[in-house]
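The block underneath contains the structure these notes are about, expressed in structure tokens.
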Amino acid sequence: MRYSLLMAMSALPLAARAGEVYLPDAPPPQVQLLQDRTAIPPDQGAIFVPALTASDAEPDVLLVNGDSVKAIPVGRRVAVPPGRYVILAGTGDPSLAQGVTVEAVAGTTAIVPVAWGALRLEEVDRHLRQVKAPLQLVHVESGKLVEPDYHVVGVDGVDTWLLEPGLYRVIEPERRDVGGPNFLTVYVPASGVAHMRVFVNPRSGDLLGGGVVAASDLLPAPEEDTEGVWVGSAIVGLQGSYSQYQGTPGFADQTLGNGAVFLDADAGIHSDHNRVKLGLHLEEGRQLVSTTDGELPLFRSGDALKVDGDYTLMFNPGTGLYVRGSGQTQLFDGFGTSTTGMTQAIRELDGSVTYANIAPGDTFQVSERLQPLVLQSGAGLQTSFVARRDVELSLRGGASYRSYQFDGVLMTTDNPDTEAWEFTRVGDYRKLGVEGGALAKVRLGNVVKVESNLDLFFDPDDLGTPVIDWSNSANLNLNRVFSLNYVARYVSIPQVTEADALTQAVFLRASWSLL
């Protein structure tokens with residue numbers, strides 16, 4: 001008996017603290033009403049909808065009278081003609097709104113009983129920095145989605161939702177299955193406030209975890225003019241394929257293997273007036289071909305190293321002056337292989353032609369390591385027309401210096417009417433001119449991402465034939481690890497060669513986040 005009494009007494013503080021977690025942040029309705037100084041005409045009544053957090057941190061509620069619907073703020077007295085009204089408080093689907101009937105009497109103020117609840121969502125990254133991610137709410141009992149188009153972000157950067165009391169699940173975009181993985185459950189009590197901290201990956205939008213916290217645990221409001229915080233990410237991944245044919249009708253006996261690894265890393269800082277971005281991309285791939293005659297040397301199926309950085313001094317949220325630079329090259333020697341034997345014809349930089357006989361299975365060099373080396377720099381004006389997580393569109397233009405150091409690498413220019421296999425050595429190109437560019441990104445939740453980057457360089461001596469570098473990519477995320485990808489790049493440098501370069505690939509990729 002004594003043990004049971006001690007257990008009950010020890011549980012009292014815990015129960016009290018659990019109740020305090022859901023207490024409203026705002027003072028009692030009577031106190032809120034005393035703080036309101038709105039004048040009411042003598043022949044009218046007034047309706048006062050108490051706030052659960054703060055009047056400027058909650059969305060409006062709907063005042064319904066017959067066919068008339070009007071949005072009114074919470075925490076403020078609203079003058080209305082005498083009569084019966086219905087207050088609808090909710091976010092998103094009207095069928096999930098909580099309705100309360102109230103009678104307005106001339107010369108008095110009717111305080112609306114709060115039958116709904118509030119949810120405050122604070123989205124942070126692993127380092128407790130506030131971020132924005134398009135999370136969704138699902139009402140567990142009905143399975144209905146609470147659309148995120150009718151909520152208010154308070155001065156502390158935390159979203160406030162007015163909801164029908166009950167259980168809700170926080171899920172990632174485009175994931176409507178409430179029984180699937182990666183969700184959080186939160187209970188929203190009547191006339192109470194649930195404060196929830198949700199950890200998300202700011203790059204991918206993935207839900208990492210979270211739960212209900214006390215109101216005092218929410219982060220303070222960010223500084224209005226902050227110097228910014230460095231953030232970064234690093235993703236490592238691989239892609240590959242393997243196939244073998246032995247005694248298969250219609251196929252020669254052979255083994256084919258293709259594999260590649262990559263690293264994508266970036267870092268940046270974003271404040272009110274300064275933006276810095278740094279990027280690194282490394283990709284290496286090899287292809288193995290083995291036949292009954294023996295194994296051929298490994299082919300390069302990918303070899304790229306690129307570093308870039310830019311700084312922008314912002315005049316306003318959409319426009320600023322930029323300075324940027326980048327370098328791109330290949331780390332290893334490049335070789336070709338003759339499978340049947342051939343005569344190689346190379347047009348040299350001086351116009352002469354040299355010939356060489358390549359035996360079956362022999363290799364020939366097409367480039368040395370760190371060739372070609374492409375260096376770019378530029379400075380000018382940049383403007384963002386749209387800058388949201390799901391859509392981004394920006395333009396830039398200014399002065400630029402380009403250096404294409406090919407150092408005599410070989411490019412295939414074969415003529416099918418001749419027996420020889422023709423190649424041409426590519427010369428260098430360096431010039432100061434004018435650049436222009438456009439960047440467009442579209443993201444559909446965490447599932448689809450499409451990006452297009454167009455870069456133009458205009459030679460002052462040849463304005464009619466600009467250098468064009470147009471890169472495109474599309475990614476379909478199958479789950480947290482695997483994605484289906486398509487990349488295409490078109491490059492035209494008419495000052496160096498008449499032939500345009502086009503590379504494209506479709507592949508399945510596995511990737512993991514290191515940061």
### Task
Hey, could you give me each pair passing side chain to side chain donor-acceptor pair (under 3.5 Å) that has a residue in residues 366-379? Not counting sequence neighbours.
none
### Summary
For Ser473 and Val487 the tightest heavy-atom approach is CB-CG1, 4.1 Å
### Query
Quick one: does Trp470's side chain get under 4.5 Å of Arg489's, heavy atoms only?
no
#### Entry: Spacing of CG belonging to Asp428 relative to CD belonging to Gln405, to within rounding of 0.5 Å
6.0 Å
#### Entry: Partners passing salt bridge (charged side-chain N to carboxylate O under 4.0 Å, His left out) against Arg347 (at least two apart in sequence or in another chain)
none
#### Entry: Atom CZ of Phe482: over 12 foreign heavy atoms under 6.0 Å
no
### Message
Using every non-hydrogen atom in the two residues, find where Ala118 and Leu162 come nearest and quote the distance to one decimal.
### Response
CB-CD2, 4.0 Å
### Task
Tell me, please, whether Tyr322 has Arg275 positioned over its six-membered ring: NZ or CZ under 6.0 Å from the ring centre and within 45 degrees of its axis?
no
### Query
So, do Val124 and Val198 sit near enough that their side-chain heavy atoms are less than 4.5 Å apart?
no
#### Entry: Atom pair CG/CG of Leu439 and Asn453 - distance to nearest 0.5 Å
5.0 Å
### Task
With sequence neighbours left out, write down each residue that passes salt bridge (charged side-chain N to carboxylate O under 4.0 Å, His left out) with Glu284, or none if nothing qualifies.
Arg286
### Task
Please determine, by modelled atom types, if Ser394 and Gln382 share a side-chain donor-acceptor pair under 3.5 angstrom.
no
#### Entry: Spatial distance of atom CE (Met411) from atom CD1 (Ile346) [nearest 0.5 Å]
13.0 Å
## Note on the structure
So salt bridge (charged side-chain N to carboxylate O under 4.0 Å, His left out) across residues 302-329, not counting sequence neighbours, yields Arg300-Asp303, Arg324-Glu435, Arg324-Asp455
### Side chains of Arg120 and Thr160, donor plus acceptor under 3.5 Å
yes
### Query
Any side-chain donor paired with an acceptor under 3.5 Å for Gln365 and Thr363?
no
### Message
So, taking the atom named CG in Leu163 and the one named CG in Leu137, what distance separates them when rounded to the nearest 0.5 Å?
### Response
6.5 Å
### Message
My understanding is that only residues two or more places apart in sequence, or in another chain, count here; which of them pass salt bridge (charged side-chain N to carboxylate O under 4.0 Å, His left out) with Asp462?
### Response
none
### Query
Are side-chain N/O atoms of Arg402 and Ser400 paired as donor and acceptor at under 3.5 Å?
yes
### Task
Identify the two heavy atoms, one from Ile235 and one from Ser511, that lie closest to each other, and give their separation to 0.1 Å.
CG2-CB, 3.7 Å
### Message
To the closest 0.5 Å, what do you measure between CZ (Phe385) and CG (Leu393)?
### Response
6.5 Å
### Task
Using distance alone, with no hydrogens and no angle criterion, decide if Tyr429 and Asp459 have a side-chain donor and acceptor under 3.5 Å apart.
yes
### Query
Where is the tightest heavy-atom contact between Phe262 and Leu238, given as atom of each residue plus distance?
CE2-N, 3.8 Å
### Task
For residues Leu280 and Leu305, determine if any side-chain heavy atom of one lies less than 4.5 Å from a side-chain heavy atom of the other.
yes
#### Entry: Heavy-atom side-chain proximity of Met196 to Leu119 below 4.5 angstrom
yes
### Query
Which of parallel (below 30°), tilted (30 to 60°) and perpendicular (above 60°) describes Trp421 and Phe423?
tilted
### Task
Give a yes-or-no answer on whether the side chains of Ser492 and Asp500 include a donor-acceptor pair shorter than 3.5 Å.
yes
### Message
Could you measure the distance from the CG atom of Leu454 to the OG atom of Ser471? Nearest 0.5 Å is fine.
### Response
9.5 Å
### Residue pair Asp125 / Phe199: nearest heavy atoms and the distance that separates them
O-CD2, 3.3 Å
### Query
Which heavy-atom pair separates Phe457 from Leu432 by the least distance, and what is that distance?
CZ-C, 4.1 Å
#### Entry: Check: Gln495 and Thr465 side chains under 4.5 Å, non-hydrogen atoms
yes
### Task
State whether a side-chain donor-acceptor pair under 3.5 Å links Ser483 with Asn475.
no
#### Entry: Polar contact flag, side-chain donor to acceptor under 3.5 angstrom, Gln504-Tyr486
yes
### Query
Tell me, do Phe406 and Arg425 make a side-chain contact under 4.5 Å, heavy atoms counted?
no
### Task
Please check if any side-chain donor atom of Thr53 sits under 3.5 Å from a side-chain acceptor atom of Glu58, or the reverse.
yes
### Task
List in chain and number order the residues that pass salt bridge (charged side-chain N to carboxylate O under 4.0 Å, His left out) with Asp461, two or more places apart in sequence or in another chain; answer none if no residue qualifies.
Lys431
